[in-house]
Amino acid sequence: MVKSTIVVRATDALPLAATVDDEQTEQALQEHKQQAKLIFRRITPNVEPRCSIESGPYTLHYLLADNVVYLVFTDKSYPRKLAFSYLDEISKEFATSYGAKVDSVRKPYAFVGFDTFMAKTARLYQDTRQAGAGSSNLDKLNDELHDVTRIMTKNMEELLWRGDSLDSASVLLILILYTLTSD
């Protein structure tokens, strides 16, 4: 379960936004938030851009993108893939809304209004079965893409078997499909 989220500027660890936590969550995470502050101070541009750190019953997942660190506290059992999907959504929205202003901000929590988006997104990721549904749609799309590739490959083999020639457009299309599905 997503517990809390903090967004800070990487160069000086200035907090830019955070979720507003209830009293119980704040109390439970107090020590772990202190650890997060130490992590923020140690992050450099050369550090791993995605990392998960276990801390007691929680895992701290952070994503470093465009001089901003996005950190989420989750239960230890929460899937890492979902935590990073959540952080990806947060980072994209933050970059779109405030990206140009990040370097010029001087006061902490200058983007406090971003809490609304983080809270709404966190609710979508609370139930791992529901959050996984978005992932299953992506898996379904990937499967369909692989099916198309198999069909195209089969068709190409049949054309070559019959001795028909492939024009350059067909070859280009096959290469594009192959590239998309090989990732």
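Everything quoted here is computed from the prediction, not taken from an experiment.
A side-chain donor from one of Thr5 and Tyr86 sits under 3.5 Å from a side-chain acceptor of the other. In summary, the side chains of Thr19 and Ser4 do present a donor paired with an acceptor at a separation below 3.5 Å, with no hydrogens or angles considered.
Atoms OH and CD1, on Tyr125 and Ile90 in that order, are 8.5 Å from each other to the nearest 0.5 Å. Rounded to the nearest 0.5 Å, atoms CD1 (Ile43) and CG (Leu64) are 6.0 Å apart.
Looking only at side-chain heavy atoms (C-beta outward), Val7 and Met118 come within less than 4.5 Å of each other. In this structure the side chain of Tyr58 never reaches within 4.5 angstrom of the side chain of Tyr78, judged on heavy atoms. Using a 4.5 Å cut-off on side-chain heavy atoms (C-beta onward), Phe114 and Leu16 make no contact.
Contact record, Phe111 with Lys101: CZ-CB, 3.9 Å, taken as the closest heavy-atom pair. Between Lys3 and Asp75, the shortest heavy-atom distance links the atoms CE-OD1, 3.0 Å.
Hydrophobic clustering places Val47 together with Ile39 (ILVMFWY residues linked when any side-chain heavy atoms are closer than 4.5 Å, directly or through intermediates). Hydrophobic clustering of Ile, Leu, Val, Met, Phe, Trp and Tyr side chains at less than 4.5 Å, counting indirect connections, unites Tyr70 with Phe117. Val112 and Leu14 end up in different hydrophobic clusters when Ile, Leu, Val, Met, Phe, Trp and Tyr side chains are linked at under 4.5 Å.
For the pair Asp88 and Arg50, the salt-bridge criterion is met [side-chain N within less than 4.0 Å of a carboxylate O].
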Item to check | Chi angles and distances behind the salt bridge (charged side-chain N to carboxylate O under 4.0 Å, His left out) call for Arg41, Asp12 | outcome: CA-CA 7 Å; Arg41 288 189 198 115; Asp12 58 2; over 6 Å; no
